[in-house]
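The next block holds one structure in the form of structure tokens; read it before the comments.
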Amino acid sequence: MSRREHVATAARRLATEGLLVGTAGNVSVRDGDRIAVTATGVVLRDCTAEQVSVVTRTGEVVEGSLLPTSELDLHLNVYDATDAAAVVHTHAPYSTAVACVLEELPVIHYQHLLLGGTIRVAPYATFGTPELAANVRDALSDRQAALMANHGSVAIGGSLEKAVDHALLLEWLATLHHRASALGVPKTLTDDEQAGVITQALRRNYGNTASINQEKP
Ligand SMILES: [Zn+2]
């Protein structure tokens, strides 16, 4: 699959999952010194390879006929600052709701630790500006995802599939926080409890299948 088709497939999946609505949101993947990124104004549910442009690290279009997303600076900034292989930006409903109210999304469930810890909310700035790109880059420090105040979410990963997984996980965690908050004040995991999760995850190779013969007691 070409890198442009790869991005289009991920965009269609995220739209099907309800994370990308209409033309809101964008997806990119890094391939060496090239970045394949969804074009501006594309209905992401129907995204095709032709609606994905390939740019250089400085944003010059080298493949495709459409102008890249207005958040191109955000994607380029993240690639400059991290070793991420892919970036997913959404206006997912619960993630965006959390980003309109909270300063950060606390760890109330152990799966949250797959994203690296408490999720920061990047301060608000106008969409498509270098200021917003810089705020998101900072919020992503040592994390696989961040929220954007009164705007949406960003997830990264070591592959496009991982970045998509992280965007879905963040939306699940935001939904969980919303539902738990309807019942009372959600309890956060303590530092000790979080350390215990990481120890256990490493011991059990969490998230991967294991044959019966191989699993350690
Ligand atoms: Zn946006």
Side-chain angles (χ1 to χ4, degrees), residues 7-30 35-48 51-53 55 59 61 64 66-82 84-105 115 119-141 143-157 160 162-175 177-178:
V7 167
T9 301
R12 292 194 303 270
R13 171 161 183 228
L14 284 161
T16 303
E17 298 274 8
L19 269 64
L20 298 177
V21 181
T23 62
N26 30 78
V27 178
S28 72
V29 70
R30 169 154 60 181
I35 293 153
V37 61
T38 48
T40 191
V42 170
V43 176
L44 295 151
R45 186 188 58 237
D46 304 322
C47 188
T48 63
Q51 294 173 323
V52 176
S53 297
V55 301
V61 177
L66 298 176
L67 196 65
T69 168
S70 54
E71 296 293 5
L72 179 61
D73 271 355
L74 185 157
H75 291 253
L76 296 177
N77 256 19
V78 171
Y79 289 124
D80 277 345
T82 71
V87 178
V88 169
H89 164 51
T90 85
H91 297 180
Y94 285 94
S95 300
T96 306
V98 164
C100 290
V101 178
L102 301 184
E103 301 294 324
E104 60 180 29
L105 183 65
L115 301 179
I119 296 299
R120 304 181 191 96
V121 179
Y124 182 82
T126 307
F127 80 94
T129 58
E131 186 186 359
L132 179 61
N135 292 350
V136 168
R137 180 197 60 210
D138 293 347
L140 276 171
S141 177
R143 297 290 186 275
Q144 298 296 308
L147 293 166
M148 301 156 68
N150 302 83
H151 185 153
S153 78
V154 174
I156 61 176
L160 184 50
K162 278 286 178 201
V164 168
D165 284 350
H166 291 154
L168 290 164
L169 175 58
L170 177 56
E171 179 65 0
W172 182 80
L173 291 166
T175 307
H177 190 277
H178 169 77

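Note that ligands are numbered from 1 as they come in the structure, with each ligand's atoms numbered from 1 the same way.
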Would the distance check show the side chain of [X] and the main-chain N or O of [Y] forming a donor-acceptor pair, the cut-off being under 3.5 Å?
X      : Y      : value
Ser53  : Leu67  : no
Arg137 : Ala81  : no
His178 : Ala174 : no

If the plane angle is over 60° it's perpendicular, under 30° parallel, otherwise tilted; pick one for His89 and His91.
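Perpendicular: the ring planes of His89 and His91 meet at over 60°.
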
Rounded distance (nearest 0.5 Å) linking atom CG of Leu20 with atom CG of Leu44:
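Going from the CG atom of Leu20 to the CG atom of Leu44 covers 5.0 Å.
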
Using the test salt bridge (charged side-chain N to carboxylate O under 4.0 Å, His left out), find all partners of Arg120 that sit at least two apart in sequence or belong to another chain.
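Arg120 satisfies salt bridge (charged side-chain N to carboxylate O under 4.0 Å, His left out) with no residue once adjacent residues are dropped.
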
Which protein N, O or S atoms sit under 2.8 Å from the Zn ion (ligand 1)?
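Listed by chain and number: His89 NE2, His91 NE2, His151 NE2.
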
